[in-house]
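Indexing begins at 1, ligand by ligand and atom by atom, following the structure's order. As a basis for the values below, the full set of heavy atoms in this structure was taken, side chains included, without hydrogen atoms, waters or symmetry mates.
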Amino acid sequence: MRRVSILGATGSIGQNTIDLIARTPDEFDVVALTGGHNIKQLASDACRLNADVAVTAHADRLDDLRDALQGSGIAVAAGSAALIEAASRPADWVMSAIVGAAGLAPGIAALEQGATLALANKESLVCAGALVLETARKSGARLLPVDSEHSAVFQALIGENIDAVERIIITASGGAFRDWPLADLKKATLAEASSHPNWAMGQRITIDSASMFNKALELIETKEYFGISPEQIETIVHPESLIHALVGFRDGALMAHVGPPDMRHAIGFALNWPERQTLPVERLDLARIGQLTFRAPDDARYPALRLARDVMRRGGLSGAVFNGAKERALDAFIDRRIGFLDMADVVQEVLTRFEAQAGLIDAAMTLETVMQTDHLARTMADTVMAQRAG
Ligand code: NAD
Ligand code: MG
C-alpha cells in the first residue's frame, strides 16, 4: 500500500487525482486531503477514500468540517498551520495542487519529510525554484512535474543527457482570445476569459491561459525545473493542444510529446513513475485529427510573455514579485475592478517599483523572504491599482 496525500484535493487537479486513486483503492492508503470552502466535497472524498485527516484552509470553516465528518473517525483541522501539519504527515507520494503561492509552504513541508512531490502547483517553482530544488536535494525527496508541458518535457528527456538539449519548446493553446481582434481585448469580460477552448481547469488558471500569464509562469517553471537558460526556452501557439512540449537536441532531432488534453495523463504518469500503467485517457486517432497547426505567439497580444523573459533574466526573488502581483491583479479582474489588459500593466508596474528599491529582489531566498516578498508584491499591486483608479 502506498501512503498518499492530496493538497488541494477539491480542485480540478485534486479531483482528477482522486479519480485515478479511487479506481484501485486497495493500492493506496490515503493520509491527508486538504481543501478550501467546498466542505461537502472534502468530507465526502475523505469518507470515500477513508483518509486519516481532512483539512480546510479556512479556520472559520472548522466547525462545518467537523459536523460533516461527525462519527466518521476522520480527524479534522483548519488553517495554514494545519495544512503544513497535514503535508508533514509521513507519506510516500504527495500531490501539490493548491492554487497560487499558498501551495509553496505545504509543498516544502512534504519534501522535507521525504515524500515524492507531484508538483501541479507551478507557483512554487516560479516563486522559489532554487529553494524547492534545494529542499528536495537535502531530504533526498523526488520532485515530479505535473504541469502537462513539464511532464511532457520530463518524458521526452528519459534516457537523454540534458547537456545534449539545445532548446525546449512548450506549447500554448492561445487561450480564449487567440482569435479575437486585438482592439477587443480590453473589453474582454470575466465570463469570456473563464472559458478555455481545450482544457477543463480551475477558473484562475483558465483566465491565466487567456492572458498567457499561465504560459509566462510555465516558461519560468521550465527554467527552474530543468535548469536551462532562458534563451533555450521557447513557446509556440498550438491551438489543438495535442503536442504538449518538444525537446530539441543538438543533432537536430525534436522529440514531441503527443497526447489528449486530459490532466489525468500527467497526474497518472507522476503517480506511477517510474512505471507506466494503463490510464483512462482517450487514445488519439491521428487520421481523424488530420492536422496539427502552429503559429508564433504575438507579443502585443500576450505582454505576459515579455514579462516572464524579464523575470527569467533577473532571477532572485523577481519570480515571487511577478507571481504575487499577478495573483492580486487576477483577484481584481475576477472582482471586476480592473480590465483584462490592465493585469499585465499592473504586474509590469510592480516589477518596476521593486527594481527601484535596492536589494529587495536580491535578498537571500528562504521561505520567509519569499512569503514576505509575495506579501509586499500584493500590497504594491493594490497601491498601483488604487493609484490607477484614482
Ligand atoms: P482549483 O482552483 O480548481 O483548485 C485549487 C485547490 O486549492 C482547491 O482544493 C482549493 O480549495 C485549494 N485552495 C485554494 N486557495 C487556497 C489557499 N489559499 N490555501 C489552501 N488551499 C487553497 O485549481 P486547479 O486548476 O486544480 O489548479 C491547481 C494547481 O495546479 C495550480 O497551481 C495550477 O496552476 C496547477 N495546474 C492546473 C492544471 C489544471 O488542469 N487544472 C494544469 C496544470 C497545472
Ligand atoms: Mg500547463
With heavy atoms of [X] as the reference, note each atom of ligand 1 found under 4.0 Å away.
X: Gly202; answer: 3 (O), 25 (O), 41 (N)
X: Asn121; answer: 32 (O)
X: Ala97; answer: 5 (C), 6 (C), 7 (O), 28 (C)
X: Gly35; answer: 11 (O)

Is there a donor-acceptor contact under 3.5 Å from the side chain of [X] to the main chain of [Y]?
X: Asp92; Y: Val4; result: no
X: Tyr225; Y: Ile220; result: no
X: Arg283; Y: Val281; result: yes
X: Arg314; Y: Arg309; result: no
X: Ser151; Y: Asp147; result: no
X: Asp45; Y: Ile18; result: no
X: Gln348; Y: Leu307; result: no

Suppose we measure from [atom] to each protein heavy atom; which comes out shortest, and what is that distance?
atom: atom 34 (O) of ligand 1; value: Lys122 CE, 3.1 Å
atom: atom 22 (C) of ligand 1; value: Ile98 CG2, 3.6 Å
atom: atom 11 (O) of ligand 1; value: Gly36 N, 2.8 Å
atom: atom 10 (C) of ligand 1; value: Thr10 OG1, 4.0 Å
atom: atom 38 (C) of ligand 1; value: Ile13 CD1, 3.4 Å
atom: atom 4 (O) of ligand 1; value: Gly11 CA, 3.1 Å
atom: atom 35 (C) of ligand 1; value: Ala120 O, 3.1 Å

Notebook entry, point to check: Quick one: which of Gly14, Ala101, Ala102 has a heavy atom closest to atom 17 (C) of ligand 1?
Noted result: Ala102
Notebook entry, point to check: Which of the listed options, Val99, Leu7, Thr17, Asp147, holds the heavy atom that is closest to atom 14 (C) of ligand 1?
Noted result: Val99
Location of contacts on [X] toward ligand 1, heavy atoms closer than 4.0 Å:
X: Ile205; result: side chain
X: Glu123; result: side chain
X: Met201; result: both
X: Ala57; result: side chain

Margin query: Classify the ring geometry of Phe177 against Phe340: parallel below 30°, tilted from 30° to 60°, perpendicular beyond 60°.
Written below: perpendicular
Check: For the side-chain contact (heavy atoms from CB on, under 4.5 Å) test, which of Val76, Thr56, Leu42 pairs with Arg61?
Finding: Thr56
Next item on the list: Return yes when Met263 approaches ligand 1 closer than 4.0 angstrom through a heavy atom, no otherwise.
Entry: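 Contact check Met263 vs ligand 1: positive.
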The Mg ion (ligand 2) is nearest to which N, O or S atom of [X]?
X: Asp147; value: OD1
X: Glu218; value: OE2
X: Glu149; value: OE1

Check: Under 6.0 Å between ring centres, would you say that holds for Trp199 and His244?
Finding: yes
Checklist line | Between His257 and His265, ring centroids under 6.0 Å | finding: yes
Next item on the list: Could you go through the side chain to side chain contact (heavy atoms under 4.5 Å, CB included) check for Thr34 and Ile98 one step at a time?
Entry: CA-CA 9 Å; Thr34 85; Ile98 289 171; 4.3 Å; yes
Is the shortest N/O to N/O distance between [X] and ligand 1 below 3.5 Å?
X: Ser148; answer: no
X: Ser12; answer: yes
X: Leu83; answer: no

Next item on the list: Please determine, by modelled atom types, if Asn214 and Glu218 share a side-chain donor-acceptor pair under 3.5 angstrom.
Entry: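 Side chains of Asn214 and Glu218: pair found under 3.5 Å.
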Next item on the list: Begin from the C-alpha positions of Asn16 and Ile267 and carry the test side chain to side chain contact (heavy atoms under 4.5 Å, CB included) through to its verdict.
Entry: CA-CA 8 Å; Asn16 277 310; Ile267 297 166; 3.6 Å; yes
